[in-house]
Amino acid sequence: MDSNKIKSILRLYRPDIDEENKPISEALAQVESDPELKEWYKNHLENEDAISAQFDDIAIPIDLKEQLKKQYELKNATPKRSSWLAPLALAASILLIVLSWLDFSLGDKPNFAHFQQDMIAFATQPYEMDIVVEDLDLINKGFAKVGWPTNYITPEALNRLHALGGVTQEWKNEKVSIVCLEDEAGKYIWLFITKLNAFGEDHTAAMNAMLISEQPLLTHAAWQDQEFTYYMIAEGDIEFITSYL
């Protein structure tokens, strides 16, 4: 089992919660015998603990139950084609509502700030990739096959990273192609691509690298071309994300 396969298995493993099956046991055994993997797994667990601690500090709106009920009723009142998208965990859905509660109402028009909050919540919650290939060209073809944003242009530095896969996500009835990558040290980078007109007349997405949070250390940046809006989140400092722009 190579190191990339081991990392893929252990990213989804929750110690003291999930049962330790054969692939997990084998991955953990190889981690113990490989100093680099052992250091990666130690950092991975520390990041997960830091993220979990941040969630514990979020105040839950008093009408959260009603908000969830309204979203459920709205979703089931509108017929949609059967979904093949990988579902996000319930915790992620609740976090999206909590983040949204902070500074806009449900009736507000979609805007880039709203998009940022939802994508940050996506990146910091469990999710599954529905395009499971470790090649940027194949990920791009996977998006094209199902009608998601494709033929986008990625910075040259990103093309040298290890691709983990892709996610086809919907946001406010807009399609978002999500590319998941990691560097040699195991730091994650998420690239979100959506149509330029996804935010209506709000085309002010250009944003220099900025810090999101110190614990865990996350930064983000955004840019546009003639067709797409790009939003990138990185598991590192400003110098780290800038090196991939």
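Just so we're clear, the structure is a prediction, and the values are computed from it rather than from any experiment.
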Does [X] belong to the same Ile/Leu/Val/Met/Phe/Trp/Tyr cluster as [Y], with side-chain heavy atoms less than 4.5 Å apart forming each link?
X: Ile189; Y: Ile238; answer: no
X: Met210; Y: Met119; answer: yes
X: Leu217; Y: Leu181; answer: no
X: Phe240; Y: Leu211; answer: no

[X] versus [Y], closest heavy-atom pair with distance:
X: Gly166; Y: Ile139; answer: CA-CG2, 4.2 Å
X: Leu191; Y: Met232; answer: CD1-CB, 4.0 Å
X: Phe143; Y: Val167; answer: CE2-O, 3.5 Å
X: Ser177; Y: Pro149; answer: OG-O, 2.7 Å
X: Tyr152; Y: Val179; answer: OH-CG2, 3.6 Å
X: Thr219; Y: Gly236; answer: OG1-O, 3.0 Å

Roughly how far, to the nearest 0.5 Å, is the [atom2] atom of [Y] from the [atom1] atom of [X]?
X: Trp171; Y: His114; atom1: CH2; atom2: NE2; value: 6.0 Å
X: Leu161; Y: Tyr244; atom1: CG; atom2: OH; value: 4.5 Å
X: Asn21; Y: Glu26; atom1: CG; atom2: CD; value: 9.0 Å
X: Thr194; Y: Lys172; atom1: OG1; atom2: NZ; value: 13.0 Å
X: Leu245; Y: Leu158; atom1: CG; atom2: CG; value: 7.5 Å
X: Asn111; Y: Gln116; atom1: CG; atom2: CD; value: 9.0 Å

Would you mind checking if Lys195 and Glu227 are paired as a salt bridge, meaning a charged N to carboxylate O distance below 4.0 Å? yes
So [Y] and [X], do their side chains get closer than 4.5 Å, heavy atoms only?
X: Asn43; Y: Glu46; value: yes
X: Asp183; Y: Lys187; value: yes
X: Ile131; Y: Val146; value: no
X: Leu10; Y: Trp40; value: yes
X: Thr150; Y: Trp148; value: no

Show your working on side chain to side chain contact (heavy atoms under 4.5 Å, CB included) between Thr124 and Leu218 and close with a plain yes or no. CA-CA 10 Å; Thr124 54; Leu218 294 174; 3.8 Å; yes
Candidate pair Asn159 and Glu156, rule side chain to side chain contact (heavy atoms under 4.5 Å, CB included), full reasoning: CA-CA 5 Å; Asn159 298 335; Glu156 183 60 34; 3.5 Å; yes
According to the interplanar angle, ranging from 0 to 90°, do the rings of Trp223 and Tyr230 count as parallel (below 30°), tilted (30 to 60°) or perpendicular (above 60°)? parallel
Evaluate the ring planes of Trp190 and Tyr188, with Trp represented by its six-membered ring, and classify them as parallel (under 30°), tilted (30 to 60°) or perpendicular (over 60°). perpendicular
Quick check on Asp135: does its CG atom have over 12 non-hydrogen neighbours (other residues, nucleotides or ligands) under 6.0 Å away? yes
Flag if over 12 foreign heavy atoms under 6.0 Å of CD, Glu36: no
Please walk me through it: do Phe115 and Phe192 pass side chain to side chain contact (heavy atoms under 4.5 Å, CB included)? CA-CA 10 Å; Phe115 178 78; Phe192 304 86; 4.1 Å; yes
